[in-house]
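Atoms within a ligand are numbered from 1 in the order they appear, just like the ligands themselves.
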Amino acid sequence: MARDDLQVCLNCHNTGVPDARGRCPRCHTPLDFRRRHSLQKSWAALVASIVLLVPANLMPISIVYLNGSRREDTIFSGIVSLGSGNIPIAAVVFIASILVPFIKVLVMLTLLLSIYFRCEQGLKTRIRLLRVVNWVGRWSMLDLFVISLTMSLVNRDQLMAFTMGPAALFFGAAVILTIMSVEWLDSRLLWDAHATGNAHYTD
Ligand SMILES: [Zn+2]
């Protein structure tokens, strides 16, 4: 059975025919075939997160005072100095703070460009990529967690003072914006290149 007038409600997940005023028959949320302004919001969040990733990687993320001398570390130089002592921890920090954010931004860029150019190839792969990025989202704060954990451990033995640098703020904001970009993308837009005459579904 294929009916064109059936719509899913994103609020209560009821699938039905909208009432006379175009609302969900169960919870009265206004229904749309595609989430409103999904593409614009997703692009905006992604571009903002790319911009924020620049200061996040160039500015110091940690400032350590040791024996009266001040030492600043960016994410990368911090990983390098961690790597000389503890390679597994350096690997975790590298994956959480450089590899994962970079891959997420790259995947979202690919998905949004594929929607823009109405690409029809590799739909399954793209849906899988979106699911992976969605799943990875919940681990994105791992790096800030590692930093704050280190901070509390280091501060306990009073040998050195440790504070977060300005990059931590930019990094956190970039991570949140990438999660919002994933969240705001209506995955149904990926299918629209296959449908003909559905140009009115995209906004
Ligand atoms: Zn509803």
Side-chain angles (χ1 to χ4, degrees), residues 1-53 56 95-97 99-145 148 169-203:
M1 189 179 86
R3 286 182 58 181
D4 286 343
D5 52 350
L6 284 177
Q7 272 180 271
V8 64
C9 169
L10 292 179
N11 186 40
C12 71
H13 300 286
N14 173 56
T15 302
V17 183
D19 66 9
R21 290 163 64 184
R23 301 176 308 180
C24 168
R26 187 158 72 183
C27 71
H28 289 184
T29 303
L31 291 181
D32 274 301
F33 279 107
R34 297 293 178 268
R35 235 180 274 171
R36 274 173 184 270
H37 309 303
S38 160
L39 270 184
Q40 287 95 325
K41 283 158 78 180
S42 190
W43 267 118
L46 184 69
V47 169
S49 77
I50 292 172
V51 169
L52 287 173
L53 276 177
I95 290 167
S97 57
L99 207 60
V100 167
F102 184 73
I103 289 175
K104 274 183 84 171
V105 162
L106 216 61
V107 166
M108 283 310 289
L109 209 58
T110 313
L111 293 180
L112 289 176
L113 285 175
S114 81
I115 292 172
Y116 181 79
F117 289 112
R118 308 197 131 259
C119 175
E120 291 186 38
Q121 285 88 37
L123 184 63
K124 266 189 186 168
T125 317
R126 282 184 282 143
I127 293 296
R128 279 196 197 114
L129 282 176
L130 186 64
R131 285 203 188 129
V132 168
V133 158
N134 221 334
W135 182 83
V136 160
R138 67 189 74 171
W139 302 100
S140 292
M141 284 301 181
L142 186 70
D143 189 57
L144 288 180
F145 175 72
S148 50
L169 187 71
F170 290 110
F171 183 79
V175 165
I176 291 169
L177 279 164
T178 323
I179 293 174
M180 282 158 93
S181 173
V182 177
E183 193 59 37
W184 279 336
L185 180 65
D186 191 333
S187 58
R188 294 172 294 184
L189 290 169
L190 291 170
W191 271 275
D192 284 349
H194 288 259
T196 46
N198 285 343
H200 61 280
Y201 284 171
T202 53
D203 50 16

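- S181 places a side-chain N or O within donor-acceptor distance of the main-chain N or O of S42, the cut-off being under 3.5 Å.
- Side-chain N or O atoms of R21 include none that pairs as donor or acceptor with a backbone N or O of P30 at under 3.5 Å.
- Within a 6.0 Å radius of CZ in R23, more than 12 heavy atoms belonging to other residues, nucleotides or ligands are found.
- Scanning all heavy atoms of the two residues, the minimum distance from R26 to C12 falls at NH2-O, 3.0 Å.
- To the nearest 0.5 Å, atom OG of residue S187 and atom CG of residue L130 are 6.0 Å apart.
- Protein-derived N/O/S atoms nearer than 2.8 Å to the Zn ion (ligand 1) total 4, waters excluded.
- Inspection of the D186 and S38 side chains reveals no N or O donor paired with an N or O acceptor under 3.5 Å.
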